[in-house]
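What you see is a predicted model, and the numbers here were worked out from it, not measured in a lab. Residue numbers begin at 1 in each chain, while the letters A, B, ... track the order of the sequences. Excluded from the calculations below are hydrogen atoms, water molecules and symmetry mates; all remaining heavy atoms, backbone and side chain alike, are included.
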Amino acid sequence: MTTYRAARGTRDLLPGETAAWTRLERLVDDLADRYGYRRIVTPMFEQVAVFERGVGEVTDIVEKELFRIAPRTDEGESWALRPEPTAGIVRAYVQHGMQTWPQPVKLAMTGPMFRYDRPQAGRYRQFWQFDVEAIGDPGPAIDAEIIELGHRVYADAGLTGVEVLLNSIGDLACRPPYVAELTDYYRARSGELPVLERDRLERNVLRLLDSKDPAMAAVNAKAPRITDRLCAACAEHFAGVRAHLDAIRVPYRLEPGLVRGLDYYTRTAFEFYVAGREGQQQALGGGGRYDGLVELLGGRPTPGIGFGVGLDRLLLALQEQDAPAAHGAEAGPTAVVVGADPDDTVARLRIATDLRSAGIAARAELGRRKLGKQLESAARDRAHFAVIVGDELGAGDVQLRDLPAGTQKVVALADLAREVSRAHAAHRHGVEKG
RNA sequence: GUGGCCUUAGCUCAACCGGCAGAGCACUGGAUUGUGGCUCCAGAGGUUACGGGUUCGAGCCCCGUAGGCCACCCCA
């Protein structure tokens with residue numbers, strides 16, 4: 001049996017799966033480009049303090065899911081693999097003085113994130129996220145742009161039934177009084193709360209609002225809503241976000257229970273859900289505004305907003321919907337060089353090398369198999385052409401066989417690359433037209 | 001981190017009551033000398049996840065560990 005295996009919660013993406021994966025990465029790269037979000041790459045690990053401050057010390061992500069790196073020496077620093085991209089990006093914004101750049105600074109990143117969680121389908125210890133941040137714009141128009149971009153990622157990937165859940169969680173002026181009011185409300189009804197929820201009441205009241213416990217439904221229905229308690233500035237901002245979303249026709253559902261538990265998260269909060277996925281992994285992505293974060297990481301007070309898309313879950317959802325994007329067949333080579341003399345690997349390799357130099361996707365059959373097997377393998381690779389090397393080589397010719405068509409003709413070696421390119425292009429043109 | 005279900009060839013799965021570990025797909029080769037996807041034949045591939053225990057005998061029963069999945073917790 002296998003001796004070594006990929007670590008728990010991680011997996012290998014094999015060639016059959018990477019085709020769909022590569023297309024998704026290209027799709028998000030192109031979208032970021034089209035929307036003016038420039039690519040940034042930050043390290044996969046940071047000082048623990050970056051995440052403690054940037055994500056929040058009392059969150060599960062930091063309290064129990066942080067992938068800590070054991071320090072090698074007495075360097076005195078304590079590192080962790082990044083559990084999410086925003087903290088590192090904001091750290092880079094501050095470190096490199098991006099406040100002197102034209103604002104807002106719009107950044108995009110795709111890469112692996114790490115959380116020491118108990119794995120499940122769609123929940124991995126190493127998972128990939130596409131992430132976008134706009135730092136330096138208070139909104140509300142940019143909020144709508146960001147949400148629309150996120151929405152488009154799913155639409156362009158071919159995923160249907162994606163819902164935008166939207167809420168505003170206020171700011172430092174209006175949220176503390178609201179939290180106090182909410183705490184009083186639940187305390188007065190603590191007898192009606194399930195035991196688990198009673199613990200959360202003291203830890204993080206806002207979390208009670210999105211409890212999945214059916215017993216909470218009645219209590220939550222009558223709970224005061226943050227959107228009814230927003231200060232004038234926040235209410236105006238929220239109305240602005242909705243007006244902009246309406247103007248660009250992005251459908252959304254107001255979800256008063258959607259929360260972020262930390263002080264520096266402000267105002268706009270949103271998540272992307274896909275209908276028809278029961279269970280816990282239906283959150284495909286989400287984001288929100290963090291007007292207090294840059295300052296918290298040592299910069300000047302600067303507003304910011306962003307979102308992340310879980311690429312693993314997006315692909316999983318596409319597979320569940322049996323969407324074309326999930327299948328991603330790899331393209332076969334344009335030409336495979338085969339030979340009548342199994343031992344003449346020199347001729348096959350040389351001709352394949354020449355084709356590659358001419359920009360053609362070519363594979364040489366370098367094994368010493370008889371011609372029949374070589375052709376069989378080429379056909380199964382869905383190659384367009386087989387270049388058959390045989391006795392004609394003495395006269396400077398090879399056979400060029402169109403595998404799908406089953407036709408074949410003699411071509412001079414000197415004309416081979418030109419002829420393959422021409423015929424391949426003509427064929428693809430015909431396929432696209434037809 | 002808590003509870004539950006599961007683990008047999010690379011993949012999908014069989015194996016009666018505890019009694020000789022199998023099939024399909026995939027892979028490699030062959031079917032009279034230089035022509036393919038189909039068909040036929042053959043081969044290779046296993047410490048039944050790992051470690052213990054019970055038994056004359058364990059893939060099957062018991063315990064532990066690891067991994068996967070599900071529900072929590074939380075989130076992407």
Checklist entry - How far does the C1' atom of B/C11 sit from the matching atom of B/A26, given to the nearest Å? => result 8 Å
Whole-Å distance, A/Gln120 CD to B/C74 P, equals 14 Å
Discussion item. I'd like to know whether A/Tyr252 forms a ring pair (Phe, Tyr, Trp, His ring centres under 6.0 Å) with A/Phe270, so could you lay out the CA-CA distance, the side-chain angles of the two residues, the decisive distance to 0.1 Å, and finally the verdict.
Written reply: CA-CA 9 Å; A/Tyr252 55 87; A/Phe270 57 94; over 10 Å; no
Considering every strand and a 4.0 Å limit on heavy-atom distances, what is the contact class for A/Glu392: base, sugar-phosphate, or nothing? base
Using OP1 and OP2 only, check whether a side-chain N or O of A/Arg123 sits under 4.0 Å from B/C74.
no
_Could you tell me if A/Arg242 sits above the aromatic ring of A/Phe238, with its cationic atom closer than 6.0 Å to the ring centre and no more than 45 degrees from the axis?_
yes
_Closer than 3.5 angstrom, by distance alone: can the side chain of A/Tyr185 be matched with the main-chain N or O of A/Val219 as a donor-acceptor pair?_
yes
- Message: Between B/G24 and B/U8, how far apart are the two C1' atoms, rounded to whole Å?
- Response: 15 Å
What does A/Gly285 touch in the nucleic acid at a heavy-atom separation under 4.0 angstrom: a base, only the sugar-phosphate, or nothing?
sugar-phosphate
Parsed dot-bracket for RNA chain B after applying the Watson-Crick and G-U rules with both distances under 3.5 Å and | for other-strand partners is (((((((..((((.....[..)))).(((((.......))))).....(((((..]....))))))))))))....
| message | Once you apply a heavy-atom cut-off of 4.0 Å, does A/Gly339 come out as touching a base, just sugar-phosphate, or nothing? | response | nothing
Can you tell me if the side-chain N/O atoms of A/Arg380 get under 4.0 Å from OP1 or OP2 in B/C27?
yes
For the base of B/A76, is there a side-chain donor-acceptor partner from A/Arg115 under 3.5 Å away? yes
Q.
So A/Arg369, base contact, sugar-phosphate only, or nothing? Heavy-atom distance under 4.0 Å.
A. sugar-phosphate
Worksheet item: Has A/Arg8 got a side-chain N or O lying under 4.0 Å from the OP1 or OP2 atom of B/G67?
Response: yes
Per the atom types in the model, does the base of B/C75 pair as donor or acceptor with the side chain of A/Arg313 at under 3.5 Å?
yes
task: Indicate whether OP1 or OP2 belonging to B/A31 is found under 4.0 Å from a side-chain N or O atom of A/Lys370.
output: yes
Note to self: What's A/Glu65 touching, base or sugar-phosphate or nothing? Going by heavy atoms closer than 4.0 Å.
What the structure shows: sugar-phosphate
So what does A/Gly287 touch, heavy atoms closer than 4.0 Å: a base, only the sugar-phosphate, or nothing?
nothing
- prompt: Hey, does A/Gln374 reach any base, or is it just sugar-phosphate, or nothing, if we go heavy atoms under 4.0 Å?
  reply: nothing
**Request:** Using the C1' atom on both, measure B/G57 against B/U2 and round to a whole Å.
**Result:** 40 Å
Side chains of residues 339-348 of chain A: which donor-acceptor pairs under 3.5 Å do they make with residues two or more places apart or in other chains?
| unit_1 | atom_1 | unit_2 | atom_2 | d |
| --- | --- | --- | --- | --- |
| A/Asp341 | OD1 | A/Asp343 | N | 3.0 |
| A/Asp343 | OD1 | A/Arg368 | NH1 | 3.4 |
| A/Asp344 | OD1 | A/Ala347 | N | 3.2 |
| A/Arg348 | NE | A/Glu365 | O | 2.4 |
| A/Arg348 | NH1 | A/Asp341 | O | 3.0 |
| A/Arg348 | NH2 | A/Pro342 | O | 2.9 |
| A/Arg348 | NH2 | A/Glu365 | O | 3.2 |
| A/Arg348 | NH2 | A/Gly367 | O | 3.0 |

Specify whether A/His384 and A/His424 have parallel, tilted or perpendicular ring planes, treating 30° as the upper limit for parallel and 60° as the lower limit for perpendicular.
tilted
Go through the N and O atoms of the side chain of A/Arg118 and the base of B/G3, and report whether any donor-acceptor pair is under 3.5 Å. yes
* Which part of the nucleic acid, if any, lies within reach of A/Asp341 when heavy atoms closer than 4.0 Å are counted: base, sugar-phosphate only, or nothing? -> nothing
